Amino acid sequence: MKIRFLLTVIATFILISQLWASEPVSDQNSASTKKAWEFGLGGTLVNWSRVSFIGLQQSNQQILYDLRVNHLMGGVNIYVAGELNQSFYLYLHGNIGLDKNDERVTDDRYSSLYLGGLGLQWRLNPLFKSEYVEPYLCVGLNLLHKNFRSVTSGIFKNDTTGQSTWEALDIWNRNGTVRDKNTFGTLSIGIGMNAWLNNHWGVGLQGDYMMPIEKGLPRFAQFTLRMMYRIGGKDKLPKPIVKYETIEKIVEVEKIVEVPLETEKIVEKPIEVEKIVEKERLAYIYDMFDNINFEFDKYTLTAESEIILDRIAEILKHMEGQHFLITGHTDARGSEAYNRTLSSNRAKVVMEALEKRGIPVNMLKSRGVGKSSVAMSASEPDVVRKGDRKVTIERILNIEYWNKLPKMN
């Protein structure tokens, strides 16, 4: 019955994923994006109640005994998941659990549990339009092996009357268990959440309820916290908003009429007039620079920024003879030396990208100021500090000042 139920759930999930995958793709780059892979390593807690009777004494119709009850078993979890589509991931995981035994009870120094299995996750973040937080539901099939007893009822071996029995119940086995096996299969259902710090690193939390395929065997729950590394998949960083404006030029024709004594001669003189004045060009360039971005903690331009620089270069070509200083800035996080180097490299990359697009080298210079001009402290949230991480451009009119500036700093 449980197998039929699990197969029905998996089939439903797959059907939903296929319908979801058939929706139009809104991101023009998503069709060429590689599928995401996630690798995780963390810790797990297994909530499996185990009762051990250490000693029993019998006198004057009284039975005295010592027992030890363990409810949790800690261990290590490894995890690999592959993206099927934006809503479904197939994952493989394994646990190794250990707990120290009382040497008076068993010759085994440790109780050990090994569990591995394959599962399917239904990521719910598309429903909430979220990229950094991913809640999900999951189902799976697992194989378990253990080296300890897990029955929850029995008799006292040293009881001479043969009438004393014991029973131990827990939240997962309210009716107790009378069977025990060291190796058996389980079905799992669970819920989890991934929180991504950036495109690659994140933290995952998952809870599973384990149900044995065979009747009478114990049920239990486990909780896993892991650190994850992600490659491929859709870019989680917000895309810059790029606005394009058309720069137009018009030509007016002034007609000068000269009337000699004998004949009338008409001379046409073309006069070029720019519709967009220089101040408007500068404002346009400044706005476009607000959308220049880099890969996280690098000085590699994003694909969107390359397109923006194409537009900026076209405008600068009409401002020949002007001088512009490109300045890189960082937020307050990190050391002064590291931030100054990063900001200098970012400004240099933008300058060289414009020169490759045909801007004369004598028009541009670059410098990095690190975090010297920050407006927000390091304790502010990332979305606030993002305003301090930028590359700016300014026109230099003081030619003596310009001549003193180095090409790169």
Side-chain angles (χ1 to χ4, degrees), residues 1-21 34-48 73-97 113-128 130 133-146 172 181 183-196 202-215 217-234:
M1 188 69 180
K2 293 177 183 177
I3 296 178
R4 291 180 181 177
F5 170 74
L6 183 64
L7 292 176
T8 302
V9 172
I10 294 175
T12 303
F13 280 0
I14 294 175
L15 177 61
I16 294 174
S17 70
Q18 295 303 318
L19 293 175
W20 209 313
K34 294 181 179 179
K35 299 293 187 181
W37 283 92
E38 299 169 356
F39 304 90
L41 178 65
T44 186
L45 281 178
V46 179
N47 186 199
W48 190 323
M73 173 181 287
V76 178
N77 171 263
I78 56 174
Y79 163 90
V80 178
E83 180 185 12
L84 301 178
N85 56 39
Q86 65 174 343
S87 300
F88 288 87
Y89 282 67
L90 192 66
Y91 72 96
L92 180 68
H93 73 124
N95 296 339
I96 299 177
L113 181 146
Y114 306 92
L115 183 144
L118 185 68
L120 184 69
Q121 294 177 356
W122 180 19
R123 302 283 174 96
L124 304 177
N125 51 306
L127 298 177
F128 301 101
S130 171
V133 178
E134 294 182 328
Y136 62 85
L137 303 176
C138 55
V139 294
L141 287 171
N142 309 277
L143 182 64
L144 177 148
H145 177 76
K146 60 182 180 63
W172 310 115
K181 290 180 68 175
T183 303
F184 57 90
T186 68
L187 310 179
S188 65
I189 58 174
I191 186 171
M193 179 174 292
N194 297 329
W196 295 100
V203 178
L205 178 64
Q206 181 174 325
D208 295 282
Y209 176 51
M210 301 290 183
M211 302 171 290
I213 297 176
E214 301 179 45
K215 292 183 178 180
L217 295 174
R219 305 179 179 208
F220 63 97
Q222 70 175 27
F223 308 91
T224 304
L225 178 66
R226 52 183 166 249
M227 192 72 186
M228 297 191 298
Y229 182 76
R230 174 180 179 268
I231 57 176
K234 184 180 178 182

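Every value quoted in this text rests on a predicted model; they were computed, and no experiment measured them.
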message: Counting neighbours of CG on L124 that are heavy atoms of other residues, nucleotides or ligands and sit closer than 6.0 Å, is the number greater than 12?
response: yes

task: Output the distance between atom CD1 (I189) and atom CG (L137), rounded to the nearest 0.5 Å.
output: 9.5 Å

- request: Would you please classify the geometry between the W37 ring and the F39 ring as parallel, tilted or perpendicular, with 30° and 60° separating the classes?
  value: parallel

statement: OG1 of T224 to CG of L205, rounded to nearest 0.5 Å, is 8.0 Å

query: Hey, are the side chains of F88 and L120 touching, using non-hydrogen atoms and a 4.5 Å cut-off?
result: yes

query: Is any side-chain heavy atom of T186 less than 4.5 Å from a side-chain heavy atom of L217?
result: no

Minimum heavy-atom distance between P126 and S87, given as atom pair plus value: CG-OG, 4.0 Å

- prompt: Are any non-hydrogen side-chain atoms of N77 and Q206 less than 4.5 angstrom apart?
  reply: no

- prompt: With distance as the sole test, does T44 use its side chain to make a donor-acceptor pair with the main-chain N or O of F223 at under 3.5 Å?
  reply: yes

field: For E83, all residues meeting salt bridge (charged side-chain N to carboxylate O under 4.0 Å, His left out), sequence neighbours excluded
entry: none

query: Going from NZ on K146 to OG1 on T183, what distance comes out if it is rounded to the nearest 0.5 angstrom?
result: 8.5 Å

task: With rounding to the nearest 0.5 Å, note down the distance linking OH in Y136 to CE in M193.
output: 9.5 Å

message: For a 4.5 angstrom cut-off between non-hydrogen side-chain atoms, does I231 reach K34?
response: no

Min side-chain heavy-atom separation V133-N125 under 4.5 Å: no

- request: Identify the heavy atoms of Q121 and C138 that sit nearest to each other, and give their distance.
  value: CG-CB, 4.0 Å

query: If we only count heavy atoms from C-beta on, is the W48 to M210 side-chain gap below 4.5 Å?
result: no

CG-CE distance between N142 and M211, expressed to the nearest 0.5 angstrom: 10.0 Å

- prompt: Going through the checks in order, is the side chain to side chain contact (heavy atoms under 4.5 Å, CB included) test met by Q222 and L45?
  reply: CA-CA 6 Å; Q222 70 175 27; L45 281 178; over 6 Å; no

query: What closest approach, in Å, do L115 and H93 show between heavy atoms, and which atom pair accounts for it?
result: CD2-CE1, 3.7 Å

query: So how far is it from F220 CZ to D208 CG, rounded to the nearest 0.5 Å?
result: 9.0 Å

- prompt: Would a 4.5 Å heavy-atom cut-off, applied to side chains only, mark V76 and L41 as touching?
  reply: yes

field: Salt-bridge criterion met for R230 and E134 (N-O under 4.0 Å)
entry: no

field: Y114, OH: over 12 other non-hydrogen atoms inside 6.0 angstrom
entry: no

- prompt: Under 4.5 Å between any side-chain heavy atoms of L118 and L141, yes or no?
  reply: no

